[in-house]
Q: 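My questions all concern the structure below.
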Amino acid sequence: MRDRRRMAAVMFTDLVGFTSLAHTDESTALGVVDATNRLVQPIVREHFGRTVKSTGDGLLLEFPSARGAVLCALAVQDRLRSVRGGSRAGQLPLRIGVHSGDVERRGRDVLGDTVNVASRLEALSPPGGLCISRSVLDQVRSSVPLDVQPVRGRSLKGLGTSVEAYRVLPKAAPRGAGGLPDGVPRLAVLPLANYSPSPADAYIADGFTEELIAMLSQLDGVRVIARTSVMHYQADPRPISEVARELQVESILEGSVRRAADALRVTLQLIDANSEEHVWSRTYDRDLKDLLRVQREIAEDVSARFRATIESTTRGRRTETASPRSHLAYLRGMASLREETADGAARAGREFLRAIRLDSRNARAYCGLAEARQTEWYYRVFRGRTPFRDTWTELVERALELDPHLAAAHVTLGGILVSFRRDWKGGESEFRRALRTDPGFAEAHMALGETVEALGRLEEAGREFRLARELDPLSLQVARDEFLNAIWRRRYRAADASLKRLRALEGRRRVEGFGSTAFEAMLASVTGDERRWDRAYRRAVRLARTPAQRVELSLTRAAHRRDPRRFRRLIPRAKRLLAPARLSVNLAGGYAMLGQMDDAFTWLHTSIRDPGVALTWWRFDPRYANVRRDPRWPAFLREALRPVTTTGR
């Protein structure tokens, strides 16, 4: 009888996030599987591999040697990274596990402990990465140079033998654009619970969470999920397994903060998201004045757990203020600023001013004050014009004078340069400086993407938005940016997928869906789907909550229906209800869709006088192609891109 057992290397692959995507958009999810398999199969054949079977969203593969399997896995991940953003292959990251040993062949299938181990190793691999066993490492060590990291604190349960697992670390990636290499471990810091006797001290736990995320995101070798995504779990706690699935992380840091007079206790636990086991825990008892110091200490402890290093640019920073009271005032200000209201921004400004009076060298407080004043302007501008003062710039420049590596200050300054001075290159430079200090700063990736998009570099913008999504997967703004970027690039299937993700996020956050409905109407308009446009418009009317929203919808409908008489009758009402910035944008766009180009250009020139108006709509929106064909367009574009020399009014 022929022996059915032989030595082989076994590879398992799995698409991360497939189940979640299939839940919201099954056809897109299945398309991603097919595209990924079409990309993978030729690479497998090149390395003398054989597809044993499909596991739905993954593959079981067999190779005659461990070397061939590892080289194939590395080639697959490199190829997927190179096509990401340009095709369905690469839309979901792939996890790969490889083990070698004795297998039993039954027909085309292979069975045995070697197959089981490979499956467990795949589950330990980070998204976009590779995890191998010790036996594979020993066989390829001399022929395939690898940088590996032992996977500690994780057992392969249910197997009759002990297996050492190693993650294959990615090659160092250029950091000039702020990009992080794929395959690195992903960590989420959940909102720390407030165990203080007074509920009013909750801002300390929230501020500690935010500061800890900011420090850990500077670790080289760990990707940390942004604050805006993890803070959703404060009001809506979920099981660890569900959090890990939604955020696509392997590790979760959770804990509590307790303040009693001037004493501070911080308790933390690092959890393996796969097994839900605690792999590390520690309690820090400190004086309140040591709040910033203990944050640094925790970052270094977590760094040691991941065998990561804190970026060298942070080592010389002045991260500790001389006054604990100043830092507490700063944390109260941040808590108010995160309310995202004009009144919250005003209260935040008062707290930041108090922090500065208590310690004139508190760089964070100067940056916070500039952001608070800018935020207050943003919310109040919809009630009319508010003067802009150069003190915003002076505040953030003072913050950078005190701490040149404060990433948030570079982003705030970049936003001022782009939105209020149309200094696109200056803004881009500031966003890149922020990312050199903090490559995991999702807001900086998003701001950089929006800036290079306005300059016409749409593919580069798409890559930045993807990085922002990986770091901030529950962000509505990132989802909106990805949708619009797909529209600008005429990738309407990708836009539809982004729209479905945006709608799912709105449902996750219990948002009524006015924004996604307006985007659906836009997509229907550019694709010529009149029935879908009409459904979306009617739903948007039902969801509209303010007279301003309703008049904007009426203007859009009149322009879409090519009804100039109705459009003009709405203008007096629009002038009463809309702030100048919104009025000029709506009238310019409406006249353009109606083909009345003289009026369109009159309002276009008016629109670019207002700060914060998005130039990308005029440059790339398919509905305004007639604007770009007009002989007046080149002169208008030069004016729109020209930096302004003064910001006062």
Q: Under 30°, 30 to 60°, or over 60°: which ring-plane class applies to F519 and F483, parallel, tilted or perpendicular?
A: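 F519 and F483: parallel rings.
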Q: State, to 0.1 Å, how close D102 and T114 come at their nearest heavy-atom pair, and which atoms those are.
A: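 In this case the closest contact between D102 and T114 is O-OG1, 2.9 Å.
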Q: Measure the spacing between NE2 of H278 and CG of D272 and express it to the nearest 0.5 Å.
A: 11.0 Å
Q: To the nearest 0.5 Å, how far apart are CD in Q139 and CG in L137?
A: 10.0 Å
Q: Let's go through E246 and Y233 carefully: what are the C-alpha distance in whole Å and the side-chain angles of both, what is the deciding distance for side-chain hydrogen bond (donor to acceptor under 3.5 Å, both in side chains) to 0.1 Å, and is it a yes or a no?
A: CA-CA 11 Å; E246 288 188 338; Y233 299 103; 2.6 Å; yes
Q: Take atom CZ of R538 as the centre, draw a 6.0 Å sphere, and report whether it contains more than 12 heavy atoms from other residues, nucleotides or ligands.
A: no
Q: What are the two closest heavy atoms between A536 and T517, and how far apart are they?
A: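 Closest heavy-atom pair between A536 and T517: O-CG2, 3.1 Å.
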Q: Does R619 form a salt bridge (charged side-chain N to carboxylate O under 4.0 Å, His left out) with E453? I'd like the steps, not just the answer.
A: CA-CA 10 Å; R619 296 193 72 177; E453 187 176 64; over 6 Å; no
Q: Salt bridge check, E482 against R466: does any charged N sit closer than 4.0 Å to a carboxylate O?
A: no
Q: Side chains of L60 and D109: closer than 4.5 Å at any heavy-atom pair?
A: yes
Q: Under 4.0 Å between a side-chain nitrogen and a carboxylate oxygen: does that hold for E210 and R338?
A: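 Here E210 pairs with R338 in a salt bridge, since their nearest N and O are under 4.0 Å apart.
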Q: Heavy-atom distance under 4.5 Å between the side chains of V189 and I225, does that happen here?
A: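 No - every pair of side-chain heavy atoms lies 4.5 Å or more apart.
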Q: Regarding R79 and E46, does a basic nitrogen lie under 4.0 Å from an acidic carboxylate oxygen?
A: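 Salt bridge absent between R79 and E46.
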Q: Does E520 come within less than 4.0 Å of R539, counting only side-chain N to carboxylate O?
A: no
Q: With a 4.0 Å cut-off on N to O distance, would you call E250 and R95 a salt bridge?
A: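 Between R95 and E250 there is no salt bridge, as every charged N stays at least 4.0 Å from the carboxylate O atoms.
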Q: With respect to M446, which candidate in D481, V411, T451 satisfies the side-chain contact (heavy atoms from CB on, under 4.5 Å) definition?
A: D481
Q: For the CD1 atom of I132 and the NE2 atom of H99, what is their distance to the nearest 0.5 Å?
A: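 Result: 11.5 Å between the selected atoms.
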Q: Under a 4.0 Å threshold between the charged nitrogen and the carboxylate oxygen, would D236 count as salt-bridged to R238?
A: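 Answer for the salt bridge query: yes.
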Q: Is the side chain of R186 donor-acceptor paired with the backbone N or O of L247 at a distance under 3.5 Å, no angle test?
A: yes
Q: Compare every heavy atom of Q269 with every heavy atom of S281, then report the nearest pair and how far apart it is.
A: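 Nearest pair, atom of S281 first, then Q269: CB-CG, 4.0 Å.
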Q: In terms of side-chain geometry, is the basic nitrogen of R38 or D34 positioned less than 4.0 Å from the acidic oxygen of its partner?
A: no
